Amino acid sequence: MMSIQDEIKELKEEKNAIILAHNYQPKEIQDIADFLGDSLELCIKASEIDDKDLVVFCGVDFMAETAYILNPDKKIVIPDLEAECPMAHMLPEEELLKSIEEHPDAGVILYVNSIAEAKQHADTLCTSANAVKVTESLPHDKILFGPDNNLATHVQKKIEKEIIPTPKGGHCYVHKLFHIEDVELKREQYPNATIICHPECNIEVQEACDEVLSTGGMLRFIAESDEEEFVIGTEIDMITRLNSEIPGKKLYPLLEGAICETMKLHTLEKVRDALKNESPEVTVPDDVASKSLKAVQHMLDASK
Ligand code: 13P
Ligand code: SF4
């Protein structure tokens, strides 16, 4: 009998498909992905797949939507349609429009972790890998920044412009789990380790860590470092990616229980079925997609 991995491989060829996966995917999905990356890398890759007809996106809703915005002529499928990022839904379109009305002179930057209906009103987008650079690229002195308040504070600490976070309290429930006590504990346990966290963590946690990096940034930083031990403050499967790509390092989680539940909804069986049935499809209404494309494109250009 054919293994499920071989079935996926065969279907992928038959359908001229590509599997894109985020760094938080479980090992079995990381192993069958054609491309694995952080949100920015996935966005860039999604802008370079002209030769493919079908995209299977193993990530959360906003990532697949962004792939659709970049490729409205292709079929974008997600193995489990329930894979949503709760943070992205914390800034509904109406709330963003209200903030824009309150700050008519501000530029609007949305974290890519936002819904397409909100993205269409943004001047540009950013990810945790390029947030500072993209913010600098806008001419405005005042910036409305949503939905992640922690990323907004991270950017505010690095630049002169006034950052106005919207909505109040926008956050990632996974990165909220990390506390300063976790950092202190790991410092005691692993005194030689470099402690790295994601900018979605609370600002006190960011300040207590040695580095604050996107998931792709963590991979590059550790690969280039001569140090041997690292504590990783982000979703647990980032360590899976790091271990398979950079052997020989000692990597410890800042918190074992940092699990993004919706990222784990995808399974090999669902990937196979998504390829076979070319569903469930992720689409964005035409007008929303074409308006949002401006912001996506601006981010890609500003990140070069
Ligand atoms: P990265 O872009 O750093 O991979 O982050 C995406 C994300 O959703 C983090 O929670
Ligand atoms: Fe969204 Fe947080 Fe999961 Fe990232 S880790 S996809 S921000 S819920």
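Note that this is a predicted model, so its numbers are computed, not measured. Atoms within a ligand are numbered from 1 in the order they appear, just like the ligands themselves.
Using 4.0 Å as the threshold, Asn23 has no heavy atom nearer than that to any atom of ligand 1. Assignment of Cys172 to the shell around ligand 1 is not supported, since no heavy atom sits closer than 4.0 Å. Within the structure, the closest approach of His175 to ligand 1 falls below 4.0 Å when heavy atoms are considered.
For Thr127, no nitrogen or oxygen atom sits less than 3.5 Å from a nitrogen or oxygen atom of ligand 1, counting backbone and side chain alike. The shortest N or O to N or O distance between Thr215 and ligand 1 is under 3.5 Å.
Hydrophobic clustering, with ILVMFWY side chains joined whenever heavy atoms are under 4.5 angstrom apart, keeps Leu91 apart from Val174.
Considering Thr124, Asn130, Thr127 as possible partners of Ser303, the one that fulfils the side chain to side chain donor-acceptor pair (under 3.5 Å) test is Asn130.
Sorted by chain and number, the protein atoms of type N, O or S within less than 2.8 Å of atom 3 (Fe) of ligand 2 are Cys260 SG.
If you look at Asn113 next to ligand 2, the close heavy atoms, those under 4.0 Å, all belong to the side chain. If you look at Ser214 next to ligand 1, the close heavy atoms, those under 4.0 Å, come from the backbone and the side chain alike. Contacts between Glu235 and ligand 1, counted as non-hydrogen atom pairs separated by less than 4.0 Å, are absent for every part of the residue.
Side chain of Gln120 to main chain of Lys291: no donor-acceptor pair is present (N/O by atom type, distance under 3.5 Å, no hydrogens or angles). Judged by distance alone, the side chain of Glu65 and the main-chain N or O of Ala116 form a donor-acceptor pair under 3.5 Å.
A salt bridge does not link Lys270 to Glu82: none of the charged nitrogens lies less than 4.0 Å from a carboxylate oxygen. Using a 4.0 Å cut-off between charged side-chain N and carboxylate O, Asp80 and Lys264 make no salt bridge. Under the 4.0 Å criterion applied to side-chain N and carboxylate O atoms, Glu245 and Arg241 are assigned as salt-bridge partners.
Tyr24 and His22 have perpendicular rings, their planes meeting at more than 60° on a 0 to 90° scale where under 30° would count as parallel.
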Could you go through Glu229 and Lys186, starting from their C-alpha distance and side-chain angles, then the distance that decides it, and tell me whether this counts as salt bridge (charged side-chain N to carboxylate O under 4.0 Å, His left out)? CA-CA 11 Å; Glu229 289 184 75; Lys186 295 298 164 183; over 6 Å; no

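For ligand 1, the atoms lying closer than 4.0 Å to a non-hydrogen atom of His198 are 1 (P), 3 (O), 5 (O), 9 (C). Annotation for ligand 2: atoms under 4.0 Å from non-hydrogen atoms of Glu200 are 2 (Fe), 7 (S).
In this model, a donor atom of one side chain and an acceptor atom of the other lie less than 3.5 Å apart for Glu93 and His121. Looking only at atom types and distance, the side chain of Asp61 has a donor-acceptor partner in the side chain of His89 under 3.5 Å away.
A 4.5 Å side-chain heavy-atom check between Ile49 and Lys74 finds at least one atom pair inside the cut-off.
Closest to atom 8 (O) of ligand 1, if we only count protein heavy atoms, is Asn113 ND2, 3.2 Å. For atom 6 (C) of ligand 1, the nearest non-hydrogen atom of the protein is Ser39 OG, 3.2 Å.
Residue Glu200 holds the heavy atom nearest to atom 10 (O) of ligand 1 of all those in Met87, Met63, Glu200.
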